[in-house]
2 protein chains.
Amino acid sequence: MTKPDKREEISRAALELIAENGFHGAPMAMIADKAGVGAGTIYRYFENKDVLITELYQDLEERMYPCIQEGYSTDKPIRERFIHLGTALLRYFIEYPLDFRYLEQFHNSPYGTDYRRDKILGDKEECHVFRDLFEEGIARQEMKNLPLVIMFSLAFGPILTVARDQILGFVSLDQVLITRSIEACWDGVKR
Amino acid sequence: MTKPDKREEISRAALELIAENGFHGAPMAMIADKAGVGAGTIYRYFENKDVLITELYQDLEERMYPCIQEGYSTDKPIRERFIHLGTALLRYFIEYPLDFRYLEQFHNSPYGTDYRRDKILGDKEECHVFRDLFEEGIARQEMKNLPLVIMFSLAFGPILTVARDQILGFVSLDQVLITRSIEACWDGVKR
DNA sequence: TATTTAAGAATGAACGTTCATTCCGGACAA
DNA sequence: TTGTCCGGAATGAACGTTCATTCTTAAATA
């Protein structure tokens, strides 16, 4: 196995195990086993488990954002743009359930909370598409005039919840249900 | 300390530590310390840590449900009932942040998933108020005709997310913002 | 009332297990 | 041969749980 391949294998194994069993259900030895490397080898690629977890999350974000924004254009109407992003996000979660589960594990842990705090205070780049859309929607009076954080909750809260239900098997979403769910989210944020 | 007091102290300590640090950030020794009892004493009241965690959750539900339903009446209009329950829920979470954090920890763990699976399949009693409201709302064509699970996501997804943001300090909700948030949730589920 | 006794409650040191991390002998490339 | 990389046994810290012992209390006895 070449060097970058090995790193790749470790990432894949860690993502899968953590997504399915949580951080504490994915010991380093088990990750090594699944990746087909020795336990010590992981530490040649990642300083420690915390670093592995954080880098895994950043890789995931870098995969996800471009995928969601494909075909997105700021020229289209606000509503259409909202539906585009919401649908793309929900579809992504359904298509890559491991990514979604990892995302959830991360967000519902001290890692995620700290990360989010940095992001909100530090004005990170990535989610500016969402922020821009909401700010424009509010300015044009097409969306409710509520604090951005609340708008995010109204829009993403249901998407995350519904994605979890789909992945855990509590509901089975088809194309129609996805669209209608996202349209319902729009009803929540629109003026 | 009398016997029931001791059990109470252990519950309180466990709830607080788990709410703040998660299940793995709350070792039995630490819980015992905080409760002012010996490590072994916990096992006189709870068979093991799993039982402690589950009973803590059930106690919490029993505290929460009556509190939310206070003043609730099935005679009032659908919308009014929805606003009542939503507001009461969000208020409860804000007033008892430890309860909310514990609830989240529980739901985002294998305990919670199994519990939920039992609940959905086993038709448990407690959340029938919500279920009844939605079923009536749909039947009367005042709410969107979507699967119940999705309706729950649309209504509770934002409430949970916004409650978390409030508790983590990302937003500061006053009376007006609470009302407007819940009304926005209604816009999401209404026809 | 004062003293003894027994039963149950509480304790915390000790145990076995699990885990992240380290370390060193060997395999392979140059 | 020399240097680099890898594997997995070794390490020690942390955890949940147990159990031999101590403490508390109240009934029984004198």
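First the proteins, then the strands, lettered A, B, ... as listed; each starts at 1.
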- Query: How long is the line joining CE of M30(A) and C1' of dA20(C), in whole Å?
  - Reply: 14 Å

- Task: Round to the nearest Å and state the distance from I42(B) atom CD1 to dC15(D) atom P.
- Result: 13 Å

- The nucleotide from dC5(D), dG7(D), dT17(D) with an atom nearest the side chain of K49(B) is dT17(D)

- Query: Can you find a side chain N or O atom of T41(A) that sits less than 4.0 Å from OP1 or OP2 on dC6(D)?
  - Reply: no

- Message: Given 3.5 Å as the limit, does a donor-acceptor pair link the side chain of H84(B) with the main chain of Q69(B), or not?
- Response: no

- Message: From OH of Y45(A) over to P of dT21(C), roughly how many Å is that when rounded to an integer?
- Response: 18 Å

- Can a side chain N or O of K6(B) be found less than 4.0 Å away from OP1 or OP2 on dA9(C)? no

- Item | Integer-rounded Å distance: dG12(C) P and R44(B) CZ | 15 Å

- Task: Quick one: sort the Y115(A) and F106(A) rings into parallel, tilted or perpendicular, breaks at 30° and 60°.
- Result: perpendicular

- Ignoring hydrogens and angles, tell me if any N or O in the side chain of K49(A) forms a donor-acceptor pair with the backbone of F23(A) under 3.5 Å. yes

- Give a yes/no on whether any side-chain N or O of Y43(B) is located under 4.0 angstrom from OP1 or OP2 of dA9(C). no

- Task: In whole angstrom, give the distance that lies between atom CD1 of I10(A) and atom P of dG8(D).
- Result: 13 Å

- Task: Before giving the answer on side-chain contact (heavy atoms from CB on, under 4.5 Å), spell out for L90(A) and Q166(A) the whole-Å C-alpha distance, their side-chain angles and the decisive distance to 0.1 Å.
- Result: CA-CA 10 Å; L90(A) 185 50; Q166(A) 158 81 24; over 6 Å; no

- For DNA chain D, what residues of residues 20-29 of chain A have any heavy atom nearer than 4.0 Å? none

- Message: So, using side chain to side chain donor-acceptor pair (under 3.5 Å) as the criterion, who are the partners of R12(B) when residues are at least two apart?
- Response: E9(B)

- Side chains of R101(A) and I18(A): closer than 4.5 Å at any heavy-atom pair? no

- Task: Check the distance between dC6(D)'s P and D5(A)'s CG and give it to me in whole angstrom.
- Result: 12 Å

- Query: Whole-Å distance between dT17(D) C1' and D50(B) CG?
  - Reply: 13 Å

- Message: Looking only at the aromatic ring of each residue, does the gap between the centers of Y96(B) and Y92(B) stay below 6.0 angstrom?
- Response: yes

- What is the ring orientation for F156(B) with F134(B), classed by angle as parallel under 30°, tilted 30 to 60°, or perpendicular over 60°? perpendicular

- Message: Measure CD1/I31(B) against P/dG12(C) and give the value in whole Å, please.
- Response: 17 Å

- Symbol by symbol from the 5' end, with Watson-Crick or G-U pairs under 3.5 Å, [ ] crossing and | another strand, DNA chain D is ||||||||||||||||||||||||||||||

- Message: I'd like to know if D132(A) pairs up with R81(A) as an ion pair, taking the criterion as any Lys NZ or Arg NE/NH1/NH2 lying under 4.0 Å from an Asp or Glu carboxylate oxygen.
- Response: no

